[in-house]
Amino acid sequence: MTREELISHLQDIEWEDFEVKEAKSSLPKNIWETVSAFANTSGGWIVLGVRQSGKCFEIQGVEDVEKLEQDFTSAVKSQKFNIRLSVSMERHVVDQKNLLAIHIPSSLQKPVYFGNPNNSFIRIGSGDQRATESEVMAMYHDQSFGVRSEMPVPGILLSSLNLNSLHGYRNYLKSYNVLTAYNDIGDIDFCKRLAICNPDGELTYAGLLMFGKGEEVLRYVPTFCMDYIEIPGRSVDEAVSRYSYRIPEQENLWEAYQVVIRRLLTLVDRPFKMNKLGVAEDDERQFEVVREAWVNMLMHADHFSPFRSAIHVFTDRIEFMNAGSFPIPLEKMYGTLYSSARNPTIAKLFRFAKLSENVGFGINKLMSWKTLTGNDVSIRSERDFVMVTLHLKSDVAENVAENVAENVAENVAENVAENVAENVAEKLTARQKRVLSLIRENHKISASKIAEILLITSRTTQRDLTVLKEKNIIKRVGPDKGGHWEILENEENI
């Protein structure tokens, strides 16, 4: 960590890889909790000589840097911890005061604890939390698998990254999470800071899986697969064809995430309501559960297993089938937050992008689907895989069937499918209502902007607009460019 990076961190709030401690003349007692937490998750920096007050940092400095260095080194090399930790230290002077920065790497052997296993800690957000018995058991279990995704790929450097993927992710960060400590640094430093590569510039398996070039990913992780299939029926046997849509093979996890999330967005109900300002807002809670299930597949999958991870979308349910079993019995996970990711760096990257909660998913989050939709959630944990099934309510299932019909129509007979849809659907679909809502908010909105907001194709948007016009709900006044929409309010069709 350079002096500039340290100052940049001090201008932000504490994060999961950065912690400050007030330590004028001696090591603080709670420093060992943070050492354990960083070693058990993705690693991080402890900076001595800084006091935190709310969201502000006050630089106080330390009186004797050499003494603190010796005290800390003696402790981590002694039998204080169950394993010997390899740490690095740097001295910095800020505001004419001495600071000591200590880097704790993620340990390949977990859990890391001091005294006894009850003193095992994990890092959640910007805090240290004592690991539960289940989480300690999970860490012991994963030793048989190993944290392979955190290891460097021998001899593979950053040139094996797909720069479009990496830059796409960084642009997403700038839009949705203003991380001042990460947005203004170069690609190499960015990758080192987030464990995409190690300090020597070697790409980690996590970095390769997340942003690698397709041929490089398959070369070093030949079992890599995150599949998504839409099946036009309630079972494979019932389906009129094997599938109506299947994502093309994606180069890496970030590319796969983006393609699949757009498909998932069309499968759930997003009812809208007016806020206090009179603006329509979508209720995103169902989508957030589905997104969390998808992201957790990516975070917790055993990407080195021959078992193929896949999402199967039937007309009445969504199945998330993930390689790798739960590390602890399912019944012990209810009522707890299971936050020990099989792939810590991949988990961190999704959390930084605010695509997953800091505290992890947890069975309770999954079960909220029942409360939101009134439909069941089933979880099956086997030796080689876990399958989470979210059942769909009738109107959502109709939307799924509609999407399936659209895909089949595009491949087989689009005009026939459109005629059938017109005869069957007397009322507006949930998606068509959302199109109408956007037009109400902005009468000059373009079809391309509607498609962008709803994450649907231009063809689907034009089809929905045609339905609204044919039902005399809206009409177009003026040309495509410079014109506007007029709402006729034919409510019997809404």
Side-chain angles (χ1 to χ4, degrees), residues 1 6 9 14-52 60-93 97-124 126-148 150-152 192 195 198-200 204 339-340 344-345:
M1 175 184 289
L6 173 59
H9 264 94
E14 286 184 293
W15 196 244
E16 63 180 24
D17 67 343
F18 184 75
E19 174 83 18
V20 300
K21 303 285 186 184
E22 185 177 1
K24 265 204 162 185
S25 57
S26 62
L27 295 173
K29 293 181 179 179
N30 64 357
I31 192 172
W32 310 121
E33 297 176 3
T34 304
V35 171
S36 170
F38 280 155
N40 283 328
T41 47
S42 301
W45 287 89
I46 302 173
V47 179
L48 302 182
V50 180
R51 185 170 72 89
Q52 183 178 4
Q60 295 183 326
V62 298
E63 294 176 351
D64 192 338
V65 176
E66 289 79 7
K67 179 179 180 299
L68 292 181
E69 281 183 320
Q70 291 173 4
D71 290 348
F72 188 88
T73 302
S74 298
V76 296
K77 289 185 177 181
S78 69
Q79 295 183 350
K80 186 175 186 68
F81 284 88
N82 60 313
I83 65 172
R84 188 166 180 172
L85 298 173
S86 176
V87 302
S88 58
M89 303 185 194
E90 298 175 359
R91 304 184 194 187
H92 295 287
V93 178
K97 296 178 181 179
N98 291 318
L99 301 181
L100 179 60
I102 306 170
H103 182 253
I104 312 297
S106 177
S107 176
L108 296 180
Q109 180 181 334
K110 297 181 176 70
V112 175
Y113 56 84
F114 54 96
N116 61 70
N118 290 332
N119 290 326
S120 299
F121 287 79
I122 55 177
R123 189 74 172 173
I124 295 181
S126 60
D128 305 324
Q129 176 177 301
R130 190 181 299 273
T132 64
E133 180 183 356
S134 296
E135 288 165 335
V136 172
M137 290 172 58
M139 285 187 270
Y140 277 121
H141 173 92
D142 276 349
Q143 288 308 305
S144 61
F145 166 76
V147 191
R148 188 174 176 185
E150 306 305 292
M151 299 178 182
K192 289 181 179 180
N198 67 11
D200 296 327
T204 62
S339 55
S340 180
T345 294

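Computed from a prediction, not measured in an experiment: that's the story for all the values here.
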Parallel, tilted or perpendicular: rings of F114 and F121 (30°, 60°)
parallel
For the ring pair Y113 and W32, is the centre-to-centre distance below 6.0 Å?
no
Validation row: M151, N198 side chains within 4.5 angstrom (heavy atoms)
no
The complete set of side-chain hydrogen bond (donor to acceptor under 3.5 Å, both in side chains) pairs with one or both residues in residues 70-88, sequence neighbours excluded, reads K67-D71
Output for pair (D128 CG, N30 CG), nearest 0.5 Å, gives 7.5 Å
Residue pair A101 / H92: nearest heavy atoms and the distance that separates them
CB-CD2, 4.3 Å
Looking at V62, V93, V50, which hits side-chain contact (heavy atoms from CB on, under 4.5 Å) with L99?
V50
Going through the checks in order, is the side chain to side chain contact (heavy atoms under 4.5 Å, CB included) test met by V35 and F81?
CA-CA 10 Å; V35 171; F81 284 88; 3.6 Å; yes
Is there side-chain contact between V87 and H103, with heavy atoms separated by less than 4.5 Å?
no
Between NZ on residue K21 and CD on residue Q60, distance to nearest 0.5 Å:
14.0 Å
Are side-chain N/O atoms of R130 and N118 paired as donor and acceptor at under 3.5 Å?
no
Please test K110 against S120 for side chain to side chain donor-acceptor pair (under 3.5 Å), starting from the C-alpha separation and ending with a verdict.
CA-CA 9 Å; K110 297 181 176 70; S120 299; over 6 Å; no
Pairwise side-chain contact, Q129 with R123, heavy-atom cut-off 4.5 Å (strictly under):
no
Would E66 and R91 satisfy salt bridge (Lys or Arg N to Asp or Glu O under 4.0 Å), going step by step from the backbone distance to the final call?
CA-CA 10 Å; E66 289 79 7; R91 304 184 194 187; 2.8 Å; yes
Can you list the steps and then say if V20 with R51 is a side chain to side chain contact (heavy atoms under 4.5 Å, CB included)?
CA-CA 7 Å; V20 300; R51 185 170 72 89; over 6 Å; no
Passes side chain to side chain contact (heavy atoms under 4.5 Å, CB included), I104 versus T34? Steps please.
CA-CA 9 Å; I104 312 297; T34 304; over 6 Å; no
Just checking, is any N or O donor in the side chain of E150 or T345 under 3.5 Å from an acceptor N or O on the other one?
yes
Measuring from N98:CG to L68:CG, what's the distance to the nearest 0.5 Å?
10.0 Å
Under a plain distance cut-off of 3.5 Å, with no hydrogens placed, do N40 and S36 share a side-chain donor-acceptor pair?
yes
Could you pull out the closest heavy-atom pair between S25 and E63, with the gap in Å?
CB-OE1, 3.6 Å
Residue pair V112 / I83, side-chain heavy-atom distance below 4.5 Å:
yes
Do L100 and V47 touch side chain to side chain, with heavy atoms closer than 4.5 Å?
no
Using every non-hydrogen atom in the two residues, find where F18 and F38 come nearest and quote the distance to one decimal.
N-CZ, 3.8 Å
